[in-house]
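Here is the structure we will look at.
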Amino acid sequence: MIDTTILHISPTDPDPEAIRQSAEVLRRGGLVAFPTETVYGLGADVLNLDAVRKVFEAKGRPPDNPLIVHIATSKQLDDIVDEIPEQGKLLANAFWPGPLTLVMKRTILISDLVTANLDTVAVRMPNHPVPLAMIQALGEGIVGPSANLSGRPSPTTGQHVYDDLRGRVDLILDAGPTAIGLESTVVDVTVEPPTILRLGGLTKERIEELIGTVGVGAGRGFEKRSPGTRHRHYAPRAKVFLAKSGDADAFAALLQVQRQLGKKVGCIVNSPLLAKLESGDYYRVLPSSLDILARHLFRTLRELDGLGLDVIIVEGVEEQGLGATIMDRLRRAAEV
Ligand code: TXA
Ligand code: MG
């Protein structure tokens with residue numbers, strides 16, 4: 001067990017002294033949880049292998065699931081990736097800093113531990129003043145998986161990080177709730193056409209507007225290229241059922257069956273039809289606007305899960321734009 005310190009920090013104008021302190025913790029091999037525009041990350045100096053090892057330990061993360069390297073300037077890419085494919089450059093120019101992670105060929109400076117023995121490395125420049133300043137102060141990249149226990153929903157507040165990682169992380173920089181609430185989109189640009197390995201905060205549609213049709217990972221060989229998809233994810237302790245968007249009859253039937261089985265049931269709905277259906281202590285209505293829904297989704301899953309429910313029924317959304325990412329996360333949460 002280590003002493004976990006929580007430091008509140010402004011998301012727009014971070015206190016330089018707090019930044020200096022957090023870079024110091026990283027420099028001596030400690031772990032710092034930090035906010036980003038997507039979800040909170042668990043940071044360690046990418047070149048300090050003891051620290052990187054501690055990240056896997058703290059999260060209980062399987063060693064075959066590689067980490068994203070976070071950078072603050074494009075210059076820092078030189079030490080991390082061997083070459084930046086043309087389409088990678090286009091994407092980075094358009095969407096960095098932002099919720100986009102690019103998978104590229106790695107240099108020998110990047111350890112096998114970070115990449116889980118792959119010959120590629122995932123890199124992202126977060127759109128948040130706190131990690132940008134911290135990485136600048138450290139002077140090199142940091143690894144940054146989501147700061148949750150492996151398998152749990154990603155943390156969107158400092159409190160979530162504390163709930164999962166208390167005693168396992170030196171410092172939590174708490175800058176309030178994150179803006180997007182879902183993780184970054186992971187795109188492999190070493191292949192033609194580039195392929196989305198994980199849907200995320202940047203939509204497929206916006207990527208395709210810029211570089212044309214991209215692949216979306218699935219099928220044979222994919223799990224090897226995107227190890228994260230192999231593992232159980234985003235799962236609350238309660239059993240999650242995914243209900244079809246806007247289908248009040250099916251929803252009511254599912255709810256009734258679970259209640260008849262004696263289950264303590266919570267619900268997360270978003271369409272006006274289902275919002276009207278019922279209320280009660282365990283009924284949460286989210287806005288149907290996708291970006292606002294995304295921002296509150298993991299928080300609401302965690303909140304309901306904290307109430308000791310047996311079952312959480314979540315209404316789905318249309319699978320477009322951010323809706324595709326939301327459905328991806330809900331399906332994984334509902335996997336047994
Ligand atoms: O928004 C985010 O991406 C957050 C914040 C903190 O930046 N980070 C995050 O990291 O979600 P993590 O470790 O929870 O998810 C990283 C994903 C995993 O699915 C992992 O398998 C994949 O990226 N990944 C990492 N390196 C890879 C590589 N070289 N090739 C393919 N996939 C890789
Ligand atoms: Mg994660």
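For reference, positions follow the sequence shown, starting with 1. Because the structure is predicted, anything quoted here is derived from the model rather than measured. In what follows, every heavy atom counts, from backbone to side chain, and hydrogens, waters and symmetry copies are set aside. Order of appearance sets the numbers: ligands from 1, and atoms from 1 within every ligand.
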*Of the side chain and backbone of Thr115, name the one, both, or neither that has a heavy atom under 4.0 Å from an atom of ligand 1.*
neither

*Just which atoms of ligand 1 are under 4.0 Å from any heavy atom in Asn65?*
18 (C), 20 (C), 21 (O)

*If you count the atoms of ligand 1 from 1 in the order shown, which ones are under 4.0 Å from a heavy atom of Gly41?*
6 (C)

*asked:* Is it the case that ligand 1 has an N or O less than 3.5 angstrom from some N or O of Glu183?
replied: no

_Do Arg302 and Asn148 make a side-chain contact, defined as non-hydrogen atoms from C-beta onward lying under 4.5 Å apart?_
yes

*Are side-chain heavy atoms of Ile110 and Val46 found at a separation under 4.5 Å?*
yes

_Residue His70 vicinity, atoms of ligand 1 by number, heavy atom under 4.0 Å_ = 5 (C), 6 (C), 7 (O)

_When you compare the side chains of Glu183 and Ser154, does any donor N or O come within less than 3.5 Å of an acceptor on the partner?_
yes

*If you measure only the distance, is there a donor-acceptor pair under 3.5 Å linking the side chains of Ser289 and Asp291?*
yes

*asked:* Out of all atoms in ligand 1, which are within 4.0 Å of some heavy atom of Ala122? Include the element for each.
replied: 25 (C), 26 (N), 27 (C), 29 (N)

*May I ask you to say whether Glu86 pairs ionically with Lys89, meaning some side-chain N is under 4.0 Å from a carboxylate O?*
yes

*Taking the minimum heavy-atom distance to atom 15 (O) of ligand 1, which of Arg198, Arg106, Lys59 ranks first?*
Arg198

*So which of Pro126, Ser146, Pro131 gets nearest to atom 9 (C) of ligand 1, if we judge by its closest heavy atom?*
Ser146

*Taking atom NZ of Lys204 as the centre, report whether more than 12 heavy atoms of other residues, nucleotides or ligands fall under 6.0 Å from it.*
no

*Please determine, by modelled atom types, if Ser184 and Thr101 share a side-chain donor-acceptor pair under 3.5 angstrom.*
yes

_Phe298-His160 aromatic ring centre distance below 6.0 Å_ = no

*Of the choices Gly200, Gly144, Ser184, which has the non-hydrogen atom that lies closest to atom 3 (O) of ligand 1?*
Ser184

*Answer yes or no as to whether an N/O/S atom of Asn148 is found below 2.8 Å from the Mg ion (ligand 2).*
no

_At less than 4.0 angstrom from any non-hydrogen atom of Pro145, what atoms of ligand 1 do you find?_
10 (O), 12 (P), 13 (O)

*Check the side chains of Thr178 and Glu37 for a donor-acceptor pair under 3.5 angstrom, ignoring hydrogens and angles.*
no

_Below 4.0 Å, non-hydrogen atoms only: which portion of Arg61 touches ligand 1? Side chain, backbone, both or neither._
side chain

*Hey, does Thr120 come in under 3.5 Å of ligand 1, counting only N/O atoms on both sides?*
yes

_Give the atom numbers and elements of ligand 1 that come within less than 4.0 Å of a heavy atom of Leu118._
28 (C), 29 (N), 30 (N)

